[in-house]
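Residues take their numbers from the sequence shown, with the count starting at 1.
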Amino acid sequence: MRIAIGTSDRINTEHFGRAKGFIIYQWNGDEADFVEYIETNINLEEKHQWSKNLSTLEDCEVVIVAQAGMKAKYGIKKANLKLVEDEGTVEEVLERFIKHERFMGNL
């Protein structure tokens with residue numbers, strides 16, 4: 001499962017439409033391995049740029065961000081991505097997501 005975590009500083013999660021990049025992990029049920037960091041092409045002075053960020057996540061199954069706006073949530077759902085809204089460091093939210101998925105028996 002490919003997991004994308006939205007961030008602007010590579011440390012903390014960020015709002016979906018304002019994330020300057022996404023850290024991509026591959027999780028096989030045991031280990032979550034770093035795959036790559038993808039920079040987004042957003043202009044922080046413009047509003048509603050969620051579609052630019054969504055287009056960078058085509059091969060992912062899950063996106064974790066601090067928040068997502070209403071239109072972005074619709075687009076994420078339409079793209080068949082699982083949206084998780086969680087705040088904290090990238091490591092913290094990844095760990096919580098994996099712990100929850102294991103608890104639920106999802107993988």
Output side-chain donor-acceptor pairs under 3.5 Å for residues 74-81, partner residues at least two apart or in another chain, one line each.
none

With distance as the sole test, does [X] use its side chain to make a donor-acceptor pair with the main-chain N or O of [Y] at under 3.5 Å?
X	Y	answer
Gln26	Val35	no
Glu39	Gly21	no
Glu95	Glu92	no
Arg102	Gly29	yes

message: Within this structure, what is the SG-CD1 distance for the pair Cys60 and Ile38, rounded to the nearest 0.5 Å?
response: 6.0 Å

- prompt: Can you tell me how far OG1 of Thr56 sits from CG of Asp59, rounded to the nearest 0.5 angstrom?
  reply: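 Asp59 CG to Thr56 OG1: 9.0 Å, rounded to 0.5 Å.
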
query: Which pairs pass salt bridge (charged side-chain N to carboxylate O under 4.0 Å, His left out) with one or both residues in residues 10-21, sequence neighbours excluded?
result: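 Every pair satisfying salt bridge (charged side-chain N to carboxylate O under 4.0 Å, His left out) with a residue in residues 10-21: there are none.
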
- prompt: Are Ile11 and Val93 connected in the hydrophobic side-chain network, where two residues link if heavy atoms are under 4.5 Å apart?
  reply: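 Unlinked, Ile11 and Val93 end up in two clusters.
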
query: If you take all heavy atoms of Asp86 and Thr13, which pair is closest and at what distance?
result: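 Between these two residues, the closest heavy atoms are O-OG1, 3.1 Å.
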
query: Which heavy atom of Thr40 sits nearest a heavy atom of Ala19, and at what distance?
result: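 The answer is OG1-O, 2.8 Å.
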
message: Which residues end up grouped with Phe103 if you chain together Ile, Leu, Val, Met, Phe, Trp and Tyr wherever their side-chain heavy atoms are less than 4.5 Å apart?
response: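 Its cluster partners, ordered by chain and number, are Met104.
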
Taking NZ, NE, NH1 and NH2 as the nitrogens, is one of them in [X] or [Y] under 4.0 Å from a carboxylate oxygen of the other?
X	Y	value
Lys82	Glu101	yes
Arg2	Glu36	yes
Glu85	Lys73	yes

query: Can you find a pair of side-chain heavy atoms, one from Ile24 and one from Phe34, that are under 4.5 Å apart?
result: no

message: Any non-hydrogen side-chain atom of Ile64 less than 4.5 Å from a side-chain atom of Phe97?
response: yes

task: Give the intermediate values and the outcome of side-chain contact (heavy atoms from CB on, under 4.5 Å) for residues Asp33 and Tyr25.
output: CA-CA 5 Å; Asp33 297 316; Tyr25 290 92; 6.0 Å; no

- prompt: Parallel under 30°, tilted from 30 to 60°, perpendicular over 60°: which one fits the rings of Phe16 and Phe22?
  reply: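 Ring orientation, 0 to 90° scale: tilted.
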
message: Applying the side chain to side chain contact (heavy atoms under 4.5 Å, CB included) criterion to Val84, which one of Val62, Ile5, Ile3 satisfies it?
response: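 Only one option passes, and that is Val62.
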
